[in-house]
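In what follows, a structure is listed as C-alpha cells, so that the remarks can point back to it.
Convention: sequence-line order gives letters A, B, ...; per-chain numbering from 1. Heavy atoms only: backbone and side chains are in, while hydrogens, waters and symmetry mates are out.
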Amino acid sequence: MSADLPLPEPKSLHFIEEIVEADRVEGKHGGRVLTRFPPEPNGYLHIGHAKSICLNFGLAKAYGGATNLRFDDTNPAKEDVEYVDSIREDVRWLGFQWQSEHYASDYFPIFFDYAEYLIQQGKAYVCDLTEAEIREYRGNFHVPGRPSPTRERAHEENLDLFRRMKAGEFPDGARVLRAKIDMLSGNMNLRDPLMYRIRRDHHHRTGDAWCIYPMYDYAHGVSDALETITHSICTLEFEDHRPLYDWFLEQDVEGRFFQRPLPRQIEFARLNLTYTVLSKRRLLQLVQDGAVRGWDDPRMPTLCGLRRRGYTPESVRAFAERVGVAKRDMVADVGLLAFCIREDLEKRVPRRMAVLRPLKVVITNMTDAEAFEVELSNHPEDTTLGTRKLPFTRELFIEGDDFREEAPKKWFRLAPGAEVRLRGACLVTCREVVKDAAGNVVALRCEWDPASKGGNAPDGRKVKGTLHWVSAAHALKAEVRLYEPLFTREDPMAVAEGEDWKALLNPESLQILTEARVEPSLGAALPGERFQFERLGYFAVDPDSRPGAPVFNRTVGLKDSWSKIEAKQ
RNA sequence: UGGGGAGUAGCCAAGUGGUAAGGCAGCAGGUUUUGAUCCUGCGUACCGAGGGUUCGAAUCCUUCCUCCCCAACCA
C-alpha cells in the first residue's frame, strides 16, 4: 500500500442510509434491501418525485438490493392509465429499472381476505354512520372521539355486512369498514380509521369488479408487507400515520399473511423548489387553466417538462443527490438545478453559433470573392467532438445585444468605432450605424482587417470582445423559445389573505423568438438533440421542430457576469 | 389545555461531548478567440433563546420560543 494514495473520503451517511446500514449490520432482513416507489397514477411525475425515486432506487442499489414500482391505485375516481404510462416512462427516463411492477389493485382480493380476518379477530367493524356523523363522532384536537353505535357489533354480523358491502347490496357511502383502534387517541389517525368505502367507480384496471375500495392507510402497509419491502420510504406528512401502518401489520398475530420482519416506514422531507409549485393538484390546475401548454410544457417542473426543456436524467439525478436527505422542511434553490444541468451539458454538448435577435453587419471593405471558410472546434476542451466548417461572408448577422450605440463602462462588445473579434473569423471595426426612419438601428457597416483572418492580428493588438455570428446568406431561420420561472415569487404558495396564487404567475415566463438565425447544420437537428449556442446558453430541439424549420428550447442560459457588472453600474 | 415532527451562514447539509465538513449562491483575482468553462482565494455561522452539567457542549439535562404536519368515505 502506497502511503501517498489519496485516503478514501469517508462519505457521511444520511439518516436513512444509517438505518439501512444498522439493519444490515444487525442482519435484520438477512442483508436484504427492497424498497419501492409507490405513486398514485393521478398525475405526472415531477422533480419532487425524482428525489424520492433517486432515494429509493439509489439506496437499494447501494446495498445490493432492488426496488419495486407500485401503483397505489386505490382511488379510481382520480386515476387513469394515461398517468400509469407516463410514470413508467419517466422512471425509465431517469435511468432506473424496477425489479417488478405491481398495482395495489392486484392485491384487492388479499386486502379483502385480511379485512375479513381482522373482522373475525374483532379488530374491524362495519360502521353505519354517515360521512358527516363519522366526522362528528371522531371529535377534534380538543374533543375526544365517541364510539360509533355499531362499534361493538358481533363479529359474525360485521362479516356478513362486509361481504354484502362487497356484493353491492348497499348504496355508495352507506357503510364503511373501520379499524377498531382508539377513539380517544391524540393521534386522529387512530380514531377508528376507515379501511373500506363503497364507491361504484370504474377502475382503470379492475373495471367494475369491485364496488368497495380500500383506503391508503390500510392498503399501503399491507402492499409493502406482501411484497416483503424492507424499508418503506415516504414523506414527512405520513409521520403520524406510522403507528397505523404498524398496527395494521401487527394484527396478523398468527403470521398468516405477512413474513417477518415487517417493513419499516421511514419519513423524509419532501422537495420544494423556489419559483414553482410542486403539488399534483396545482400542476393539474395550471394545465387545466391553460396557464401552460400541457404537462410537458418546458416551464413545468414535471419530468416530462424538464425533459422537453432539455434537462438530462444525469442532471436531475445530480440535483437529487446534492439537495440531500433529511427531515427538515426544505426549499431548494432553482439555481442549484440550473447549476446541475450546466455542469452536465458543459462537458458533453457540441457548440454552435446562433443569433437570437439578428442585427445585420455588412463588411464594407470585403468583396464576395474574399468570403472564406472557418473551421471551428465543436468543443473547446474535448477535441473528440471534432470540428465543423462555417462560411464567412461580407454580410452577417450578429446578436442585437452585442451592439450599443453608447458603450457603457467595461463594454467589450461592439460600438461605433470599436473593434471586436468575430469568433474564429477575423477582427472587425464598426464604422457606421444604419438606422431606419424611426431611428432604430437596422444594420452596421464595418471594416475587417484581412490580416486578422483566424481571429488574431499580426501586430499582436488585443481585442477583448469575441462575438458569435452567422453568415446572412447561409443562416437558417429558426424559432427559439426562452423560458423564465413560472412564478414571480420564490414561494408562490405564500399568498396573502385574499390573494390568488395564480395571480403570481409570471407573464413573461415564455418568450418566443421567430427571427433567430442558426448555423446551416442545425437544420438537420433532431428533437431532443442538445447544443450550446456559444455565449447564449444550452438549447434543446423541441418536438415541434420540422426539417429545415427547427425549434429550440433554451434549457438554461450560460452564467452571465456581464449582466452583473452592468447591474452594479 | 391534543398528537406528531423540525430548528447549524442567503439556500441545502455534515457533525452523535474535544473546540463548526462540503455543495449552490455571493465576493475578489488569474487563465481564456464563449464576459462560458477552468484555477486560486474569501464567510469571525452569538450552531433558535435562556439556564444547567462538564476541564470542555451544536452535541447531555432543563425551561422557553419559532416553524411544519394531522380533525377527506384523498394519497
Open item on the list: I'd like to know whether the aromatic ring centres of A:Tyr245 and A:Phe238 sit less than 6.0 Å apart in this structure.
Closed with: no
- [ ] Examine A:Arg146 relative to A:Tyr137 and say whether NZ or CZ is less than 6.0 Å from the centre of the six-membered ring and inside a 45° cone about the ring axis.
- [x] yes
Task: Base versus backbone protein contacts along nucleotides 22-27 of chain B [heavy-atom cut-off under 4.0 Å; B, S, -] - done: -SSSSS
Task: Polar contact flag, side-chain donor to acceptor under 3.5 angstrom, A:Asp224-A:Ser232 - done: yes
Open item on the list: I'd like to know if A:Glu399 pairs up with A:Arg535 as an ion pair, taking the criterion as any Lys NZ or Arg NE/NH1/NH2 lying under 4.0 Å from an Asp or Glu carboxylate oxygen.
Closed with: no
Open item on the list: Is A:Arg191 close enough to B:rA71 that one of its side-chain N or O atoms is under 4.0 Å from OP1 or OP2 there?
Closed with: no
- [ ] Select base, sugar-phosphate, or nothing to describe what A:His241 touches, counting heavy atoms under 4.0 Å on all strands.
- [x] base
Open item on the list: Check the phosphate of B:rG2 against A:Arg138, side-chain N and O only, distance under 4.0 Å to OP1 or OP2. Yes or no?
Closed with: no
- [ ] Sticking with atom C1', work out how far B:rU32 lies from B:rU66, rounded to a whole angstrom.
- [x] 49 Å
Task: B:rC67 - base-pair partner by Watson-Crick or wobble geometry, distances under 3.5 Å - done: B:rG5
- [ ] Could you check whether A:Tyr196 gets within reach of a base, just the sugar-phosphate, or nothing at all, counting any heavy atom under 4.0 Å?
- [x] nothing
Open item on the list: At less than 4.0 Å, is any side-chain N or O atom of A:Arg135 found next to OP1 or OP2 of B:rC73? Yes or no.
Closed with: no
Task: Base-pairing assignment for B:rG22 (Watson-Crick or G-U wobble, both under 3.5 Å) - done: B:rC12
